[in-house]
Each structure stands twice: as C-alpha cells, then as structure tokens.
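Structure first, commentary second.
Counting convention: from 1, in listed order, for ligands and their atoms alike.
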Amino acid sequence: MFENEFKGKVVVISGGSRGIGFAAVKGFLANGAKVCFLSHYEETGAKALAALKEINPDYEVMTKAIDLCDFKAAQELYKEVVAKWGRIDVLINNAGTDCPTWLTKLKQSEWDAVCNLNQKAVFNMSKYAIDYLKKTKGCIINTASVAGVYGSPTGLPYPASKAAVIAMTKSMAYSFAPNGVRVNCIAPGVVETDMTAGMPDFAKKSVGDTIPMKRFGQPEDIANAMMFLASSAASYVTGACLQVDGGYRPSNLLN
Ligand code: NAD
C-alpha cells in the first residue's frame, strides 16, 4: 500500500514492542523506513527485535528502553538515532496506559502514572524531537483514543489524558506548521491488544455488538492510518484527529 514510501526515512515509535506500536514498527519497516522503537522493558524490546529480524534480517531497526518523561534520556536517544542514521522524519508517541479505578477510589499515584505516560511523555518526547523534525520537514503522530473524544464510563485519567493528547496535537500543529512540521493524532476505537485482552467475554461481546462494523479493530488498522498520516498523501493534513474506530459511538452503548 505504501511501497517504498518511507525509503530513507527514520521513524521513532514509543510503545513499539507490542500491540498497535509493534504493528506500526512492522508496517514502516516493510515500507522501507529505518525504525527506532522504544519499549517499557529491555527484555520485551529485545524479544520484539528478534521477531523483526526473523521477518527480515536486513531490516534497519534498533530498540531502546527509556523513561519517556526523562528529558535527558530523550535528548540522548535522539542524538544516538541521528548519529546512527543521520536524521529523524517521524515521531510516533504511541505508548499509553489505562487505569479503570472508579473516581472515589482513585489514588493520586494512579492518576500520575497514567497522565505522566499518556500526556507528559508526549510533551517531553515531542519537545526534544522538534528541532530534528524541522530539518526534515517531518511529522509527529500521537495515539489518542475515542475515550479522549467522548469520555469513558470507566476511569478518569485515561480519557482526561487522551483529550489532552488531542489538544496538544492541535496546538503543536499550529505552532510548527510554519516550519513544515505536521502534527496529527489518531483516536483508535476498541482494538484487540493487551490493553483490551483483560475485558470479560460478556463485555467484549456487548461492546463489539455496539460497533457498527461489528468487530474490534486490529493493530494493523491503526498502523495503516499512522502510515497514511506519515506519508506524502497526507502532506496537507495537520492538526487532525483521525478516528479509526469502525464507526464506534458511545451513545450506542446507552441504547
Ligand atoms: P498495549 O498495552 O499492547 O501497548 C502499550 C504500549 O505502551 C506497550 O508497548 C508498552 O510497553 C508501552 N508502555 C506501557 N507503559 C509504559 C511505560 N511506563 N513506559 C514506556 N512504555 C510503556 O496496548 P495498545 O492497545 O497497543 O496501546 C497503544 C496505544 O493505543 C496506547 O496509547 C493506548 O492508549 C492507545 N489506544 C488503545 C486502544 C485499544 O483498544 N487497545 C484504544 C484507544 C487507544
């Protein structure tokens, strides 16, 4: 679909060892990019790297496990990527986490854990990438969520932080359009990954039944949208929040 579109391009993806991020890593590599993917733990990164090398030993791919909120770590990472491959064209802020605890039981530490990863890490990783992206007229793609658009019946920090991601995307798009840097986000609906694997079967069925397309999304559905937003086909798209959700609307849940 995007054959050779990303040849010579360098892509950095957080949360790349599994789920949506791993599908994006595979997609960009298959279409010619060099990819640095970030993982929470070194072991999971190494395992994902081995799986990618099995698909194609010639893939130009590296992995790192850093604290995404650490400003020094972000700066070091980008220096290392540029020392290796000379440039950065695409940053995908994809790592994210959920906490479904009911408001009255929610601890401050739970709020911080979700908002730090989902929101502060987007700020930190974008801040130190932007000078490199200005040079390549590159782009940022953030993974938001439909929960950030419509709210969520379970948990407050997740929808709050994802709404912030949408607002940050639109704000960064304004700021950097004059520099030729595009900033967009994707709001996935319900996607079949580790994040949704713990849903009880009855909940999977009742949510699935409310999705007009009658299925959960697959990680590749979201990865394809990421590649579209990173591609030259989206060269006039910035500040967008692209919902990739099979038509999911929470009002359906209330019927
Ligand atoms: P996932 O749980 O499989 O992946 C989450 C990724 O984030 C993993 O790679 C994990 O290693 C990384 N991560 C988690 N905590 C981290 C930390 N503290 N530091 C660094 N990395 C950390 O789930 P996924 O569905 O692939 O999620 C990817 C993105 O998509 C997230 O931002 C998530 O909020 C978003 N999203 C998912 C769904 C869904 O239904 N699965 C829906 C909407 C949005």
Side-chain angles (χ1 to χ4, degrees), residues 12-27 35-49 51-52 63-70 73-74 77 91-100 109-122 124-125 140-155 157-166 168-169 185-199 203-204 207-208 210-211 213 215-226 241-246 248 250:
V12 176
I13 305 179
S14 72
S17 63
R18 66 176 199 230
I20 291 169
F22 188 60
V25 172
K26 283 195 284 187
V35 176
C36 170
F37 72 91
L38 308 175
S39 65
H40 195 181
Y41 303 106
E42 277 180 19
E43 310 80 70
T44 47
K47 210 170 143 195
L49 188 69
L52 294 164
T63 185
K64 286 268 158 190
I66 66 165
D67 175 352
L68 299 170
C69 291
D70 179 337
L77 171 84
L91 168 66
I92 303 187
N93 290 305
N94 169 74
T97 192
D98 192 4
C99 175
S109 58
E110 291 175 316
W111 175 273
D112 288 344
V114 175
C115 292
N116 280 347
L117 181 65
N118 291 6
Q119 184 177 346
K120 188 176 173 188
V122 173
N124 188 51
M125 295 304 292
I140 297 176
I141 298 162
N142 299 316
T143 308
S145 168
V146 289
V149 180
Y150 303 116
S152 165
T154 58
Y158 188 76
S161 59
K162 292 300 189 180
V165 168
I166 297 169
M168 288 160 76
T169 298
C185 68
I186 292 172
V190 190
V191 184
E192 213 171 299
T193 66
D194 284 3
M195 191 169 268
T196 50
M199 283 170 78
K204 280 188 183 160
V207 172
T210 66
I211 298 170
M213 291 187 75
R215 67 169 177 90
F216 280 18
Q218 292 303 309
E220 291 71 22
D221 294 321
I222 313 303
N224 286 338
M226 287 172 170
C241 176
L242 177 58
Q243 288 185 217
V244 183
D245 58 10
Y248 170 88

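For atom 2 (O) of ligand 1, the closest non-hydrogen atom on the protein side is R18 NH2, 2.8 Å. Nearest to atom 36 (N) of ligand 1 among the protein's heavy atoms is Y158 OH, 3.4 Å. In this structure, atom 18 (N) of ligand 1 lies nearest to the protein heavy atom H40 NE2, 3.3 Å.
No donor-acceptor distance shorter than 3.5 angstrom exists from the side chain of N94 to the backbone of T143, with no hydrogens or angles considered. Between the side chain of T196 and the backbone N or O of V191, at least one donor-acceptor pair lies under 3.5 Å. Looking at N142, its side chain never comes within 3.5 Å of a backbone N or O of I166 through a donor-acceptor pair. Side chain of S39 to backbone of A65: no donor-acceptor contact under 3.5 angstrom is found.
Scanning T97, L117, N142 for the heavy atom closest to atom 13 (N) of ligand 1 points to L117. Distances from atom 5 (C) of ligand 1 to the heavy atoms of G96, G21, A23, S17 show the closest one on G96. Of the listed options N94, T143, V244, N94 places a heavy atom closest to atom 31 (C) of ligand 1. The option from V190, I20, L38, I222 that lies nearest to atom 26 (O) of ligand 1, judged by heavy atoms, is I20.
In terms of N/O distances under 3.5 Å, ligand 1 is approached by G15. At least one N or O atom of V191 sits closer than 3.5 Å to an N or O atom of ligand 1. The shortest N/O to N/O separation between T193 and ligand 1 falls below 3.5 Å. The shortest N or O to N or O distance between K162 and ligand 1 is under 3.5 Å. The N/O atoms of S145, backbone and side chain alike, include none that comes under 3.5 Å of an N/O atom in ligand 1.
For E42, the CD atom sits in a loose shell: 12 or fewer heavy atoms of surrounding residues, nucleotides or ligands are nearer than 6.0 Å. Within 6.0 Å of the NZ atom in K64, the count of heavy atoms belonging to other residues, nucleotides or ligands does not exceed 12.
Between the NZ atom in K162 and the CE atom in M168 there is a gap of 10.5 Å [rounded to 0.5 Å]. Between Q218 atom CD and I20 atom CD1 the span is 10.5 Å, to the nearest 0.5 Å. In this structure, N124 CG and N116 CG are separated by 10.5 Å, a value rounded to the nearest 0.5 Å. To the nearest 0.5 Å, atom CG of residue N93 and atom CD1 of residue I141 are 10.0 Å apart.
D98 meets the salt bridge (Lys or Arg N to Asp or Glu O under 4.0 Å) test with no other residue; sequence neighbours excluded. Here E110 pairs with T101 under the side chain to side chain donor-acceptor pair (under 3.5 Å) rule; sequence neighbours left out.
Per-residue contacts place D194 under 4.0 angstrom from the following atoms of ligand 1 (heavy atoms of the residue considered): 3 (O). Atom numbering of ligand 1 starts at 1 in the shown order; those under 4.0 Å from a heavy atom of L68 are 20 (C). Annotation for ligand 1: atoms under 4.0 Å from non-hydrogen atoms of G189 are 38 (C), 40 (O), 42 (C), 43 (C). Counting the atoms of ligand 1 from 1 in the order shown, those under 4.0 Å from a heavy atom of T196 are 40 (O). Short contacts between ligand 1 and G19, defined as distances under 4.0 Å to a heavy atom of the residue, involve ligand atoms 3 (O), 26 (O). Residue M195 has at least one heavy-atom neighbour below 4.0 Å for each of these atoms of ligand 1: 2 (O), 23 (O), 25 (O), 33 (C), 34 (O), 37 (C), 41 (N).
Under a 4.0 Å heavy-atom criterion, Y41 is not in contact with ligand 1. Ligand 1 has A144 within reach: a non-hydrogen atom of the residue lies less than 4.0 Å from it.
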